[in-house]
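Presented below is the structure to which this report refers.
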Amino acid sequence: MTSEIIPILCNEKNMANYAYLIADTQTSETIIIDAAEANPILQELEKRQLHPTHILTTHHHFDHIEGNLAIKERYNCEIVAPKKEFDQIPGATIPVQEGDILNIRDKKIQIIEAPGHTLGHILYYLPNEQKLFTGDVLFNLCVGGLFEGSTEQMFNSLQKIKSLPDNTEIFPGHEYTRACLTRTLLTMPQAQNYIKKMLCREQGELAPATLQEEKEFNPYLQANSLSAFMQQE
């Protein structure tokens with residue numbers, strides 16, 4: 001299957017969420033990652049004549065699930081949700097947990113539990129394509145806030161991410177890069193391509209950073225011990 005990943009910026013005025021479509025370019029069947037807001041997702045689906053079969057939810061916060069019921073009602077799609085937060089996800093039909101593998105058409109999607117931001121937060125990893133959808137655990141240049149979990153849980157979740165191949169492409173749940181830029185990073189020659197990707201994303205283009213880039217520029221991934229990680233908070 002030839003597929004295309006389409007980023008959709010949602011809640012633009014306050015949250016700058018990302019929803020993602022993984023669209024089969026031949027059949028139009030589509031997977032949605034985090035249905036953050038119904039209207040922009042439905043508009044994009046209709047414009048491209050795509051048919052979603054599954055919504056994959058990373059965690060229960062409202063800005064990642066607001067579109068679930070409206071999209072499910074329109075397209076009768078399945079909603080995959082963390083088993084530990086299943087009752088908190090509107091319309092959820094398929095619970096998943098650490099080590100589970102989703103096989104949706106020819107897509108193999110591995111479930112990685114990553115508590116910290118919430119206790120049941122999960123990541124969706126496509127090992128064959130080396131793409132990781134990180135929700136609110138890992139952003140470009142920063143990480144998600146500890147709404148429910150502990151610092152140790154978040155640190156351990158990031159170690160799981162760091163163990164993946166360096167060329168893994170990172171697809172976070174928000175566009176917060178500009179807010180996390182430092183003057184030092186802005187002047188670093190080796191960071192200029194990374195910053196160009198940010199500018200492209202702000203224009204609606206697909207421009208994911210790699211895990212290698214995050215390891216190089218994201219201070220939270222540079223911490224190799226819990227004590228060093230705590231100093232970043």
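Reckoned from all heavy atoms, side chains included, excluding hydrogens, waters and symmetry mates.
- Q232 places no side-chain N or O within 3.5 Å of a backbone atom of F229 that could act as its donor or acceptor partner.
- With 3.5 Å as the limit, one finds a donor-acceptor pair spanning the side chains of T58 and D34.
- The cluster map of Ile, Leu, Val, Met, Phe, Trp and Tyr, joined by side-chain heavy atoms under 4.5 Å apart, puts Y20 and L45 in different clusters.
- Atom OG1 of T118 and atom CD of Q153 lie 9.5 Å apart (nearest 0.5 Å).
- Side-chain atoms of D24 come within 3.5 Å of backbone atoms of T27 as a donor-acceptor pair (strictly under, hydrogens ignored).
- For the atom pair CD1 (I111) and CD1 (I109), the distance works out to 7.0 Å, reported to the nearest 0.5 Å.
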Which side-chain N or O atoms in residues 48-56 pair as donor and acceptor under 3.5 Å with protein atoms at least two apart or in another chain?
from	atom 1	to	atom 2	distance (Å)
R48	NE	E44	OE2	2.5
R48	NH2	E44	OE2	3.3
T53	OG1	R105	NH1	3.3

message: Test side-chain contact (heavy atoms from CB on, under 4.5 Å) on N156 and E152; report intermediate values, then the result.
response: CA-CA 6 Å; N156 290 334; E152 184 174 5; 3.7 Å; yes
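- Atom CG of D166 is separated from atom CD of Q130 by 9.5 Å, given to the nearest 0.5 angstrom.
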task: Kindly determine whether Q110 and Y124 satisfy side-chain contact (heavy atoms from CB on, under 4.5 Å), including the steps that lead there.
output: CA-CA 6 Å; Q110 179 180 339; Y124 294 99; over 6 Å; no
- prompt: Given L132 and E169, is the side-chain contact (heavy atoms from CB on, under 4.5 Å) satisfied, shown in steps?
  reply: CA-CA 6 Å; L132 180 69; E169 293 181 326; over 6 Å; no
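- No path of Ile, Leu, Val, Met, Phe, Trp and Tyr side chains, each step under 4.5 Å between heavy atoms, connects F139 with F217, placing them in separate hydrophobic clusters.
- Residues L226 and T151 meet the side-chain proximity criterion, which asks for heavy atoms closer than 4.5 Å.
- The two residues S3 and K107 make their nearest non-hydrogen contact at OG-NZ, 2.9 Å.
- In the hydrophobic cluster analysis, where Ile, Leu, Val, Met, Phe, Trp and Tyr join through side-chain heavy atoms closer than 4.5 angstrom, F155 is grouped together with I170.
- Residues A19 and A36 approach most closely at CB-N, 4.3 Å, considering heavy atoms.
- Residues N17 and E37 bring no donor and acceptor atom of their side chains to less than 3.5 Å of each other.
- Going from atom CD1 of I112 over to atom OG of S157 covers 10.0 Å, rounded to the nearest 0.5 Å.
- Within the 3.5 Å criterion, the main-chain N or O of P90 finds a donor-acceptor partner in the side chain of N68.
- Between I161 and V137 there is a side-chain heavy-atom pair separated by less than 4.5 Å.
- A chain of hydrophobic side-chain contacts below 4.5 Å, direct or via other Ile, Leu, Val, Met, Phe, Trp or Tyr residues, connects L102 to L126.
- For T168 and K131, the side-chain atoms include no donor-acceptor pair closer than 3.5 Å.
- Checked by atom type and distance alone, the side chain of D100 never pairs as donor or acceptor with a backbone atom of V96 at under 3.5 Å.
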F171 and Y18: CA distance, side-chain angles, deciding distance, ring pair (Phe, Tyr, Trp, His ring centres under 6.0 Å) verdict: CA-CA 9 Å; F171 297 89; Y18 277 121; 9.0 Å; no
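- Ring orientation note: the planes of H64 and H59 are tilted relative to one another, at an angle of 30° to 60°.
- A donor-acceptor distance shorter than 3.5 angstrom exists from the side chain of K162 to the backbone of L221, with no hydrogens or angles considered.
- Residues T2 and E4 are not in side-chain contact: their nearest non-hydrogen atoms beyond the backbone lie 4.5 Å or more apart.
- For the residue pair S227 / S225, a side-chain donor-acceptor distance below 3.5 Å is found, with atom types taken as modelled.
- Looking only at distances, a side-chain donor or acceptor of T30 sits under 3.5 Å from a matching main-chain atom of S28.
- Without hydrogens or angle criteria, E66 side chain to A38 main chain gives a donor-acceptor distance under 3.5 Å.
- Note: H117 and H61 meet the aromatic proximity criterion, with ring centroids under 6.0 Å apart.
- E205 has no carboxylate O lying under 4.0 Å from a charged side-chain N of K197, or vice versa, which leaves the two without a salt bridge.
- If you take CG on L123 and CD on E98, they are separated by 9.0 Å, rounding to the nearest 0.5 Å.
- Within a 6.0 Å sphere centred on CD of E202, other residues, nucleotides and ligands contribute more than 12 heavy atoms.
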- request: Walk me through it: do L138 and Y220 pass the test side-chain contact (heavy atoms from CB on, under 4.5 Å)?
  value: CA-CA 9 Å; L138 177 66; Y220 294 91; 6.0 Å; no
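- Side-chain polar atoms of D63 and H174 form a donor-acceptor pair below 3.5 angstrom.
- E148 places a side-chain heavy atom less than 4.5 Å from the side chain of H60.
- Side chain of Q203 to main chain of L199: no donor-acceptor pair is present (N/O by atom type, distance under 3.5 Å, no hydrogens or angles).
- Between E113 and the choices Q97, K84, K83, K160, the side-chain hydrogen bond (donor to acceptor under 3.5 Å, both in side chains) rule is met once, by K84.
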Exercise answer: donor-acceptor pairs, residues 69-82 side-chain atoms, under 3.5 Å, sequence neighbours excluded:
from	atom 1	to	atom 2	distance (Å)
K72	NZ	G91	O	2.9
R74	NH1	E46	OE2	2.4
E78	OE1	T93	OG1	2.6

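- Remark: K215 NZ is packed, more than 12 non-hydrogen atoms of other residues, nucleotides or ligands lying under 6.0 Å away.
- Side-chain contact, T177 with E175: a donor N or O sits under 3.5 Å from an acceptor N or O.
- Considering every non-hydrogen atom in both N218 and C142, the closest pair reads ND2-N, 3.1 Å.
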